[in-house]
Amino acid sequence: MLTAFARAFKTPDLRKKLLFTLGIIVLFRLGSHVPVPGVNYKNVQICVDQAGSSNGLFGLVNMFSGGALLQITIFALGIMPYITASIILQLLTVVIPKLETLKKEGQSGTAKITQYTRYLTVALAILQGTGLVATARTGALFQGCPVASQIVPDRSIFTTITMVVTMTAGTCVVMWLGELVTDRGIGNGMSILMFISIAAGFIGALWQIKLQGKIADGWVEFGVVILVGLAMVALVVFVEQAQRRIPVQYAKRMIGRRAYGGTSTYIPLKVNQAGVIPVIFASSLLYIPALIVQFSGSTADWAIWIQKHFVKGDHPYYIATYFLLIVFFAFFYVAISFNPEEVADNMKKYGGFIPGIRAGRPTAEYLSYVLNRITWPGSLYLGLIALVPTMALAGFGANQNFPFGGTSILIIVGVGLETVKQIESQLQQRNYEGFLR
């Protein structure tokens with residue numbers, strides 16, 4: 001693998017792409033440490049040092065921003081508005097006929113959907129930026145910190161608008177940097193920035209586990225976490241690469257004097273067809289009750305019940321609800337992202353069929369049957385992986401950003417595999433030996 005890296009840097013155009021991607025990553029990390037105007041940075045550091053990077057309500061967004069959210073920097077919102085906008089547009093494509101028509105138009109339709117995603121990203125950034133500024137002004141961003149209410153000392157309208165505009169512009173810059181990596185770098189720009197944001201907190205989270213450990217100055221807990229992490233990476237790689245291949249045979253056709261078709265191929269159905277999206281959906285949905293209680297300040301019985309069962313994240317009610325939501329969203333997302341009837345119609349149109357299955361409706365029913373069967377283990381696997389931080393919370397005193405679990409490990413492994421494949425394909429185009437044997 002090291003030889004492949006050396007050969008990649010010896011290729012002029014590939015070296016240029018790699019260096020360009022590294023330069024964008026450096027700019028992205030620098031922007032994650034530049035504070036927003038109007039914020040008392042000294043008070044922010046006091047609260048961050050006291051509370052750490054764990055925050056039950058904002059932990060997910062803070063993880064996607066590489067810790068920039070709680071630092072209230074210009075890249076505080078990170079890539080999260082773009083991710084949310086992309087998921088919303090993907091869901092609306094199934095519901096709105098016009099978007100579905102654009103999706104079928106090819107490259108021109110995809111360009112229009114991408115433009116709509118950018119507009120929606122800006123709107124979501126304004127909304128989330130306003131919410132973050134309001135939360136910081138009330139002191140709710142760091143509960144229990146004595147100077148939390150002094151993070152934004154100037155409460156004027158001008159200062160608030162300046163902060164929101166700055167964070168919205170930061171989100172637009174992050175989106176632009178990701179698209180630059182996609183066009184001029186090694187590809188998958190948004191995914192790579194997401195990877196860097198999550199990986200930035202790994203060393204700090206691991207060292208925090210060591211400091212909080214009690215056996216042999218924490219080295220035993222540290223070693224156990226490393227071993228568990230390696231086992232989980234192996235499990236995630238195995239499941240993410242697993243797929244059920246449905247064989248497809250195309251009939252031979254004679255057009256003039258030439259024969260077309262007669263080839264054999266397959267439809268790859270991944271075990272985890274939904275990816276990490278069900279975990280993001282479930283996490284976001286479970287944050288809503290806690291946010292309502294926090295901002296309402298209610299002391300009613302229902303608020304106390306939610307505070308007790310759904311805020312800390314280690315209660316059996318929370319764990320069970322989280323697990324069931326992940327399973328539900330896995331089936332929901334697979335149902336809207338893969339249409340067996342459309343696949344069966346396309347196969348029939350081009351003379352393809354599954355051996356032993358009649359073309360048309362029987363093929364669609366067979367694909368639905370297989371998809372439902374492989375989605376069950378995929379959804380259960382997602383639920384178990386997502387619950388690792390909760391178990392670590394009780395076992396090691398770790399926070400919700402426990403490095404080897406949940407959303408973080410799924411994204412890091414997935415993006416890592418995809419990036420390696422991108423470089424591998426470019427190396428193979430130049431007849432070089434790649435990473436994969």
Side-chain angles (χ1 to χ4, degrees), residues 24 27-48 51 53 55 57-89 114-143 145-180 190 193-194 197 284 287-288 290-297:
I24 294 295
L27 288 176
F28 177 64
R29 290 307 301 159
L30 285 175
S32 300
H33 292 85
V34 178
V36 171
V39 172
N40 189 318
Y41 191 67
K42 182 178 179 181
N43 290 340
V44 170
Q45 290 304 308
I46 292 174
C47 292
V48 168
S53 62
N55 192 311
L57 297 177
F58 305 100
L60 182 70
V61 183
N62 187 58
M63 179 186 69
F64 279 117
S65 66
L69 176 77
L70 296 184
Q71 301 276 354
I72 317 181
T73 65
I74 59 173
F75 289 171
L77 302 179
I79 202 71
M80 197 63 179
Y82 184 85
I83 297 172
T84 309
S86 301
I87 293 173
I88 291 174
L89 260 297
T114 303
Q115 194 65 25
Y116 294 154
T117 305
R118 293 170 183 159
Y119 295 148
L120 185 57
T121 300
V122 174
L124 290 174
I126 294 172
L127 184 63
Q128 293 180 15
T130 305
L132 177 60
V133 172
T135 306
R137 286 175 57 176
T138 58
L141 192 61
F142 296 98
Q143 291 183 338
C145 180
V147 294
S149 59
Q150 299 300 319
I151 288 178
V152 185
D154 188 355
R155 307 297 178 90
S156 64
I157 297 295
F158 178 77
T159 302
T160 303
I161 293 176
T162 302
M163 293 176 68
V164 172
V165 169
T166 303
M167 285 189 283
T168 303
T171 299
C172 295
V173 171
V174 170
M175 182 169 57
W176 177 60
L177 293 177
E179 292 181 354
L180 281 179
M190 300 299 177
L193 293 185
M194 197 189 313
S197 297
S284 303
Y287 283 155
I288 294 175
L291 282 172
I292 293 173
V293 172
Q294 179 173 350
F295 286 114
S296 66

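Note that these values count all heavy atoms, side chains included, but never hydrogens, waters or copies made by symmetry.
Thr159 meets the side chain to side chain donor-acceptor pair (under 3.5 Å) test with Asp154, Ser156; sequence neighbours excluded. Taking the side chain to side chain donor-acceptor pair (under 3.5 Å) definition, one finds that Gln150 meets it with nothing, sequence neighbours left out. Judged as a side chain to side chain donor-acceptor pair (under 3.5 Å), and not counting sequence neighbours, Asn40 has no contacts. Applying the side-chain contact (heavy atoms from CB on, under 4.5 Å) criterion to Val34, with sequence neighbours excluded, gives Ile74. With sequence neighbours excluded, no residue forms a side-chain contact (heavy atoms from CB on, under 4.5 Å) with Leu27.
For the side chain to side chain contact (heavy atoms under 4.5 Å, CB included) with Arg137, the lone residue among Thr160, Ile151, Leu132 that qualifies is Thr160.
Distance CD1/Ile83 to OG1/Thr117: 12.5 Å, rounded to 0.5 Å. In this structure, CG in Leu193 is found 5.5 Å from CD1 in Ile79, a value given to the nearest 0.5 Å.
In plain terms, the two heavy atoms of Gln45 and Gln71 that are nearest each other are NE2-OE1, 2.5 Å. Nearest heavy atoms, Gln128 versus Pro81: OE1-CG, 3.6 Å. Across all their heavy atoms, Ala136 and Ile72 have their closest contact at CB-CD1, 4.1 Å. The heavy-atom pair separating Ala125 from Leu77 by the smallest distance is O-CD1, 3.4 Å. Nearest approach of Pro153 to Gly38, heavy atoms of both residues: CD-O, 3.8 Å. Between Val36 and Thr73, the shortest heavy-atom contact is CG2-O, 3.1 Å.
Contact check for Ile87 versus Thr84: no side-chain heavy atoms found under the 4.5 Å cut-off. For the pair Phe75 and His33, the minimum side-chain heavy-atom distance is 4.5 Å or more.
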Side chains of residues 163-174: which donor-acceptor partners sit under 3.5 Å, not counting sequence neighbours?
from: Thr166; atom 1: OG1; to: Thr162; atom 2: O; distance (Å): 2.6
from: Thr168; atom 1: OG1; to: Val164; atom 2: O; distance (Å): 2.8
from: Thr171; atom 1: OG1; to: Met167; atom 2: O; distance (Å): 3.1

